[in-house]
Structure formats: C-alpha cells, structure tokens
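Residue numbers begin at 1 in each chain, while the letters A, B, ... track the order of the sequences. Remember, it's a predicted structure, so these values are computed and weren't measured experimentally.
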Amino acid sequence: MKQSLLFVPTLKDAPKDAEVKSHKLMARAGLIKQTAAGIYTYLPLGHRVMKKIETIVRDEHDKRECSELLMPAIQPRDLWEESGRWSEYGPELMRLKDRKDRDFCLGPTHEEVITHAVRDYINSYKKLPLALYQIQTKYRDELRPRFGLMRGREFVMKDLYTFHESDEDLNTWYEKMKVAYTDIFRRCGLETKIVSSDTGQIGGKEADEFMVMSEVGEDTISYCDQGSYAANKEFSGLSAGDKCPECEGTIKEAKGIEVGNIFKLGTKYSESMNAYFTDREGKQKPVLMGCYGIGISRTLMAAVEQHSSDNGIVWPSEITPFKVHILPLKTNDELTMEVADSIYKELSKTNEVLIDDRGERPGVKFKDADLIGIPYRIIIGKDVSEGKVEFLNRYTGEKNLVNIAEISGLI
RNA sequence: CGGGGCGUGGCGCAGUCUGGUAGCGCAUCUGCUUUGGGAGCAGAGGGCCGUAGGUUCGAAUCCUACCGUCCCGACCA
C-alpha cells in the first residue's frame, strides 16, 4: 500500500483532550479521530488493527465450534420488557423512538436478542449445546466516557452466548472459553490476569474478568504475591498487605484494564424470556446460558498502551497493520525509487507492506514511521548506489546495512 | 449527576484581568535553495473568536443563559 493513498493523518501535537499515552499516540499516529465524546472514527490504520484483532477472535472461536452471527444494534422495547431490563438498565441505555412512536434501544449487550433468536429452535436437549457469537458495535450512554477507546459510548465488542442442558456442560464450555480468551489476548500481545468478579448488571452466578495490568487501568486488582489468587478489589474487599485467602501469601494491588469477561448466566434470561427445552426425562427446563465478552476496541487501546513509548507504537506481530515499512528517502532519485519499487513488489507477494512514497523529507518520514509502529523498516538511502539498504528490526532495535538481494530472507 | 478546567484558522497556543474590531508556531499554497531525524528564505491563502441574549458609541475581552469537551469522584466491556 502506498502511504500517500492510505490516509494516515499524523499529528505533531496530540489533541489537548487526550490524556493517557495510548490515546495521544492513537490520535497522533492517525489511528482514530474523535467524533463526539466517547465516539470515534477508526481511520484506515486503526481499522486495519481492529480487523486483525477480530481475525484472531474469529479464529479462536471458530476452532472451538462457536458460530458467528450478526444481531441488530436496534432492539425493540418488548424484548427488554420481557427480561425486565427496560426499567432496570437506567439512563445508560440509549433509547429512541421510531416514526410510529414505538420504543427501541441501541443495544448495550444482546442477551435479549440472542434468547429471542434461539428460543423457538432449542426445544430439546438434542439441540444443545450451542455457541453463537458476533462482533458488533455496542452502545452505552456512559456517565463519563474516558481515556479515548478505554470507555466509549460506542465501542466494538465480541459477544458470545452459549446454551446448555446441564451445569456440567456449561462448566465445560466456560473453562474452554477461559483458555480461548487467554490465547486470544496472548496473540494480541497482551498478558492477562484472570480475576473473579461480581456478576453486575448482566446477572447470573459466576464471572471472571480478563485484566491487562496497566497504570491507566480503571480497576484495582488484589492479587496474591505467591499463589494464583486474583480478584477485583471492589468485590473481594482485600487490600494490599492482607493475607491471601487461599495460601500463605500476601495481597498486593495493581491497576488493570478489563479487556474481557465471562459469565455463567444460568437461567436468568431463559426463565424470564421463556427459553425452555425438553430434557432427557421429558421434563421442561429453562436452558442454561453463558455469555462471554471481549472489548475489541478496548483491546486495541490496551495493545497500544502496552507496546509503545512516547515516540510511538511497536505493534505486536499478529496485529500490526503492516509488517514492513519501506522508506525511500529521496523520492526524486531514480535509483532510490527503482530499488524501493522492486523491494516493495517482491515483499508484497507474501507480506503486508507499506511504502512511504510521499515527497517528505527524511526526518518527517522517520518520525511518522516511529509513530505508526510497523515492526520491520527498510530504509533506502545513501548506500543504495552500492546496492545496500538499511534494515531495522524495531523489536530489537537492531539496524543493519544489507544487500538488496538479501532483504526477502530477513522478513 | 456533583466538583474543577477548557472552547480563538487543520493541530498546539497567546490575547480576556485593564473593551478600541485578531495574532504566534506548526500545517497548507507559490517560488528558489535544501534532502539521514518533524528544513531555510521570500511571498500568499484561510478565523461566524462555541451559541444566544444583554451592557456599551464600540465586545474574543464585561454580564446572563445554554451547548460542547476534558479531568477528578459515584456506575460499567
């Protein structure tokens, strides 16, 4: 891809309303642009990374026999009356009316819609289990949107819903998805800590959150310095210095970004919304449900927060918008452009390559490239006349002058 | 929703206290010179000063209301 055609509006100065590092960088690197409070446009580079994250999410779900579907963002009031949440949810629910004055809401989550979608079909234990997910834009009219993509009023989320005939089966899937989530975040370059949590507004029995340790996190995690115990401080009530409830260790505290959560919903929605099936004994039972969320846009932000300095991002390999960045320093030099073009064509056969074809000065190109954060950089400069270009590995910081012919072997 | 900021060309800001009709840096356009870390010189274009009222001969500046936005706190992927 030619950089001149990609639309990467980089900024020298961060917009003044950006506070945390990742927000500043995402604005400066031309990944996102704020449209309203808590509402953002994903520019081409940001969008590419989002798609990479979504690809990983789809891969890890599909291989565990989950099926993707797509539900509406606009949801009718009736379904929310059935679950009781039209009145329970409060002002966070974005409500609107159609021209006939009927009530709707913009979905903050999809338990109602998914239950409605499957309840007529799931009439027997033979139809279970079932696992359905979507990647979709969610709406929550937050009291206070915050920190760029960290807490938006509109955000992209993956939500999975599972349906079971027994607790054992729900537990099996719950554990299976726990592993899937850890894998997903690891592939996104994020190490997560699993902490047990309250079930909150969604309701249900048991829940775990996936936290990325970070200074800018909104949650405080109480964790054991020796064992594996970790919980959201808000619910556990444990503070730094307390004894671990599971072993001899001592509790410590850290800030975390919640990038995912999983819930055992039980029968909250199946009972209220009449999703019953006939079990092996011929009895009518409410179907057991689980739900599992991943904040896709928040994961994007967490990745930037973790993999950056003040000068720019260094993308984890699986979610980088491009793998290779070619910088021809003199765009008006024939040899430079010839070499740049041939390397570009060669590498593009098997890689995503961005070439900075703009007529900018070297300094501008370097600064922008640092910001944008593509892991491998090929600089075509002075030594091109001797058949050499510079190869920079941004993970290691290693810079080498290499023969043009050797380039493809290094990627 | 309470407390505190901020709103002036695309971005970052000065000017507001003490009213006199808008300025700086970057960016943009033209020309020349430059070309390995956000170039130099010369010239040019671009602003309902958040909105609406009010005070005044005169308002970016003073008063009132509203809107937007950010931060801190109470709720949440």
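- Nucleic acid contact class of A/K382 (heavy atoms, under 4.0 Å, all strands): base.
- Once the 5.5 Å centre distance and the 30° plane angle are applied, the aromatic ring of A/F366 is found not to be stacked with the base of B/G38.
- When heavy atoms are screened at a 4.0 angstrom cut-off, A/P108 is found touching no nucleic acid atom at all.
- Contact annotation for A/A18: no contact, since no heavy-atom pair falls under 4.0 Å across all strands.
- Among the atoms of the strands shown, base atoms are found under 4.0 Å from some heavy atom of A/L371.
- Cation-pi geometry between A/K285 and A/Y276 is not met at under 6.0 angstrom from the ring centre and within 45 degrees of the axis.
- The cationic atom of A/R48 (NZ for Lys, CZ for Arg) lies less than 6.0 Å from the six-membered ring centre of A/F322 and within 45° of the ring axis.
- Residue A/M150 is classed as a base contact, given a heavy-atom separation below 4.0 Å to a base.
- Across all strands, A/F147 comes closer than 4.0 Å only to sugar-phosphate atoms, never to a base (heavy-atom distances).
- Nucleic acid contact class of A/D159 (heavy atoms, under 4.0 Å, all strands): none.
- In the interface, the side chain of A/E390 is paired with the base of B/G36 through a donor and an acceptor atom under 3.5 Å apart.
- Minimum atom distance to the side chain of A/A37 is reached by B/U69, of the listed B/G37, B/A77, B/U69.
- Using a 3.5 Å distance cut-off with no hydrogens or angles, the side chains of A/R85 and A/Y269 do pair a donor with an acceptor.
- Across all strands shown, A/P145 has heavy atoms under 4.0 Å from sugar-phosphate atoms exclusively, and none from any base.
- OP1 or OP2 of B/C72 sits under 4.0 Å from a side-chain N or O of A/R144.
- Projected onto RNA chain B by closest heavy-atom contact, A/D17 and A/K399 fall at different nucleotides, the more 5' of which corresponds to A/K399.
- Within 4.0 Å of A/D368, counting heavy atoms only, lies at least one base atom of the nucleic acid.
- Judged by a 6.0 Å distance limit and a 45° cone about the ring axis, A/K193 is positioned over the six-membered ring of A/Y223.
- Relative to the ring axis of A/W86, A/R95 places its NZ or CZ within 45° and under 6.0 Å from the centre.
- Where A/V156 and A/K330 meet RNA chain B, the nucleotide closest to each residue was compared, and A/K330 sits on the side nearer the 5' end.
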